[in-house]
Amino acid sequence: MYIRGRPVLVGTTSVEQSEYLSALLQEWNIPHNVLNARPKYAAREAEIVAQAGRKCAITIATNMAGRGTDIILGGNPEMLAKEIVEGNMLSFMTQEAPNIDTDGAPLSQMAFSKIKLTASSLAKLAKASLTARFVCGKGGAKWSYREAKSKLASALELCQSEDEKKLQDLSSGHGVQMITLGPAIAVAYLSILKDCEIHCKEEGNEVKQLGGLHVLGTALHESRRIDNQLRGRAGRQGDPGSTRFMISLQDEMIRKFDSEWAVNLVSKAFDDSPLESKAFQQQINSLQMTVESYFMKIRESLIEYDDVIEVQRRHVYNLREAFLMDDPHSFRHRLHQYMQAVADEIILQHIDPSKAPRSWNIDSVLAEFEDVAVKHLKASNVSTDIFSEVTGSSIVQSLKTYQEAPSTKLELSVLPGLPIPGTEYHGLRRKASSVKRWLEITFDQSARQGKYLKEVQLFRKYLGDLLIGLYELKTESSGFSILEIDQIERMMAVKALDGLWSAHLANLNRLRAAVNIRGFAHMNPLEEYKIDSCRFFIAMLSADRRLTVEYLLKPWLIQEGDELDVEYA
């Protein structure tokens, strides 16, 4: 094809294949251009694709490269004109050499016919060069390479906003003040563009007579859609063209998915002659459909696994948004719910509602409560003397008094005789949030049922009120304003949630890899993943509530000079 003069597009399935073929062509001294994901090639992607339709052009590209740009037979006149202007102007605008890794490797022009510029175009190009030399000064060291490229791009944009006559007037003015580089470059570009259009049209007709673009496929992709897109590069918009795929029975796809058939076929072949038949093509097409189906099932499985995470992700994001956007009263009520939930978890872990209060393990409850809350409050210099008045015997006696007292003399959800901190200032028992928490406790269906369920609910409510009251004492004695306390609380809540959510995602990734082993026990890995991920998520939310409460109870340290940069001790 190179000898005939037809442009050739060689499609590869990987960067390594494209560079290997490029090395072979270099050994044979055949000029060509490479287009793949390497930065030095990707930087000139549009220019390489624009040149791919010229006579004798050879372009080695990965199947995913150059999409969105048409290959015009004979070349793209706009891109060619731009290359000519850049090649002649950059040497006057900068002395800095381009960085191949970021600015792109130079294109191979050895096989292309030279574009003949008219005398008018040469004169305008020379005028633009002199203007650039005058503006940049002797030595051309005014701009860096990237700045010079940017100036050229801005000058070429003038061609779209201004007509040619106006640009000529701007570039031909008298005096230093009237000389501008942009219009001079734009005028030269428009003149060169006309010459390129004529040249590309003549070369395009010649390429069409030779047969148009020839596409060579070097391996089948796992998706037929990608191969069909490569085939579609030839014969675009009624142009002539041809395609040819050359594959090997040792290709990776054939070895992985149909190695037995390939081995049998190779054993029957006596030489290296190419295998061409309808049966062979049908077998290859069937193999490619099998591979597509295989990867489609993998993608469907990934979507099903991701749907499980999506439900949890949506819940966490809504919770995080509530931390940041809720009004202060709603946010404070949510924190009270968190504290109540921590108190509930401590009690339900040690208390059995089927047993009488005198048989409860109240000392373990109070010990864990002290570890979760009281020790942090002591570190924050908050008085916790009231907690010393709460003992196992006093709680049992209070519950006994509640049972024996007439209902008309009892206050809703309050244990008589037990201390509550800060009630004379905050009225915890009369707040709406307190009533809401009591209703949530009484309608909690997840708690164990038993004969003494009412007493357990009262104990839960009291311990929650005690924790909230102690926290209110801390906020009063902290010395911060109400606005600062609100910001600190939101910051602590978000910090705890973000850290646990990141750890939860890492656990789910490990779980996804582990559940596949359960398939050997005839279990559905997806169903096992759903069950375990749900358990992990519930545990994560429980840990988030406790960690948030611990952050709030620990001492708040503020860095000097920044009132909002809050850390926990």
Side-chain angles (χ1 to χ4, degrees), residues 13-14 16 37 64 220-226 251-262 286-323 334 337-338 341-342 344-346 348-350 368 372 444-449 493-551:
T13 57
S14 67
E16 291 76 12
M64 300 296 291
L220 292 178
H221 197 272
E222 294 165 352
S223 172
R224 289 176 297 167
R225 177 177 57 86
I226 303 298
D251 283 348
E252 183 178 4
M253 185 179 71
I254 298 177
R255 286 190 290 105
K256 279 185 177 180
F257 295 94
D258 207 347
S259 59
E260 184 178 354
W261 168 76
S286 175
L287 172 62
Q288 202 168 15
M289 292 174 65
T290 303
V291 175
E292 279 186 341
S293 176
Y294 172 76
F295 284 105
M296 177 65 72
K297 290 179 181 178
I298 291 179
R299 287 192 291 271
E300 290 176 352
S301 177
L302 290 176
I303 291 174
E304 291 175 344
Y305 280 98
D306 191 64
D307 287 342
V308 178
I309 303 178
E310 180 61 27
V311 176
Q312 301 177 6
R313 183 184 295 114
R314 195 179 303 116
H315 180 85
V316 170
Y317 286 177
N318 290 338
L319 186 60
R320 195 177 192 278
E321 183 179 5
F323 287 157
R334 187 180 294 275
Q337 287 178 317
Y338 271 33
V342 171
D344 292 346
E345 290 175 359
I346 296 174
L348 296 177
Q349 185 178 358
H350 299 281
E368 186 173 350
V372 171
D444 183 10
Q445 300 297 325
S446 61
R448 286 182 295 178
Q449 303 297 312
V494 171
K495 183 181 182 65
L497 181 61
D498 288 350
L500 290 172
W501 174 242
S502 299
H504 177 68
L505 291 178
N507 289 334
L508 290 185
N509 287 333
R510 288 190 284 268
L511 175 63
R512 181 184 296 184
V515 294
N516 292 326
I517 303 176
R518 302 185 188 180
F520 294 106
H522 304 287
M523 295 178 173
N524 187 340
L526 178 60
E527 294 301 324
E528 294 296 313
Y529 178 79
K530 289 180 179 179
I531 295 171
D532 286 351
S533 65
C534 183
R535 288 195 302 105
F536 286 3
F537 187 65
I538 293 173
M540 188 271 290
L541 293 179
S542 175
D544 173 59
R545 291 190 290 267
R546 178 167 292 206
L547 187 60
T548 301
V549 172
E550 288 183 0
Y551 281 179

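These numbers come from a predicted model, not from an experiment.
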Can you list the residues that meet the ring-ring contact (aromatic ring centres under 6.0 Å, His included) rule with [X], with sequence neighbours excluded?
| X | value |
| --- | --- |
| Phe323 | none |
| Tyr294 | Phe257 |
| His350 | none |

Would you check if the side chain of [X] reaches a backbone N or O of [Y] as a donor-acceptor pair within less than 3.5 Å?
| X | Y | answer |
| --- | --- | --- |
| Asp544 | Met540 | no |
| Glu550 | Val372 | no |
| Thr290 | Ser286 | yes |

Inter- and intrachain pairs under salt bridge (charged side-chain N to carboxylate O under 4.0 Å, His left out), touching residues 286-295, at least two apart:
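Found Arg224-Glu292.
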Working to the nearest 0.5 Å, report the span between [atom1] of [X] and [atom2] of [Y].
| X | Y | atom1 | atom2 | result |
| --- | --- | --- | --- | --- |
| Met523 | Ile531 | CE | CD1 | 9.0 Å |
| Tyr338 | Ser542 | OH | OG | 10.5 Å |
| Arg320 | Trp501 | CZ | CH2 | 12.0 Å |
| Asn516 | Leu526 | CG | CG | 10.5 Å |

Can you tell if the side chain of [X] reaches within under 4.5 Å of the side chain of [Y], non-hydrogen atoms only?
| X | Y | answer |
| --- | --- | --- |
| Tyr305 | Val308 | no |
| Ile303 | Asp306 | no |
| Leu319 | Arg334 | yes |
| Leu505 | Ile309 | yes |
| Leu547 | Lys495 | no |
| Phe537 | Ser533 | no |
| Leu541 | His315 | yes |

Return the set of residues passing side chain to side chain donor-acceptor pair (under 3.5 Å) with [X] (not counting sequence neighbours), or none when no residue passes.
| X | answer |
| --- | --- |
| Arg510 | Asn507 |
| Thr13 | Gln17 |
| Arg518 | Glu528, Asp532 |
| Glu527 | none |

What residues, two or more places apart in sequence or in another chain, satisfy salt bridge (Lys or Arg N to Asp or Glu O under 4.0 Å) together with [X]?
| X | value |
| --- | --- |
| Glu304 | none |
| Glu16 | none |
| Arg512 | none |
| Glu368 | Arg546 |

Report the C-alpha separation of Glu345 and Arg545 in whole Å, then their side-chain angles, then the decisive distance to 0.1 Å, and conclude whether the side-chain contact (heavy atoms from CB on, under 4.5 Å) test is met.
CA-CA 10 Å; Glu345 290 175 359; Arg545 291 190 290 267; 3.2 Å; yes
Nearest non-hydrogen partners of Thr548 and Ala493, listed with the distance
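In terms of heavy atoms, the two residues are closest at CG2-CA, 3.9 Å.
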Are the charged groups of Glu300 and Lys297 less than 4.0 angstrom apart, N to O?
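Result for this pair is no, no salt bridge flagged.
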The test is side-chain contact (heavy atoms from CB on, under 4.5 Å); show your working for Gln312 and Leu508 and say whether it passes.
CA-CA 11 Å; Gln312 301 177 6; Leu508 290 185; 3.7 Å; yes
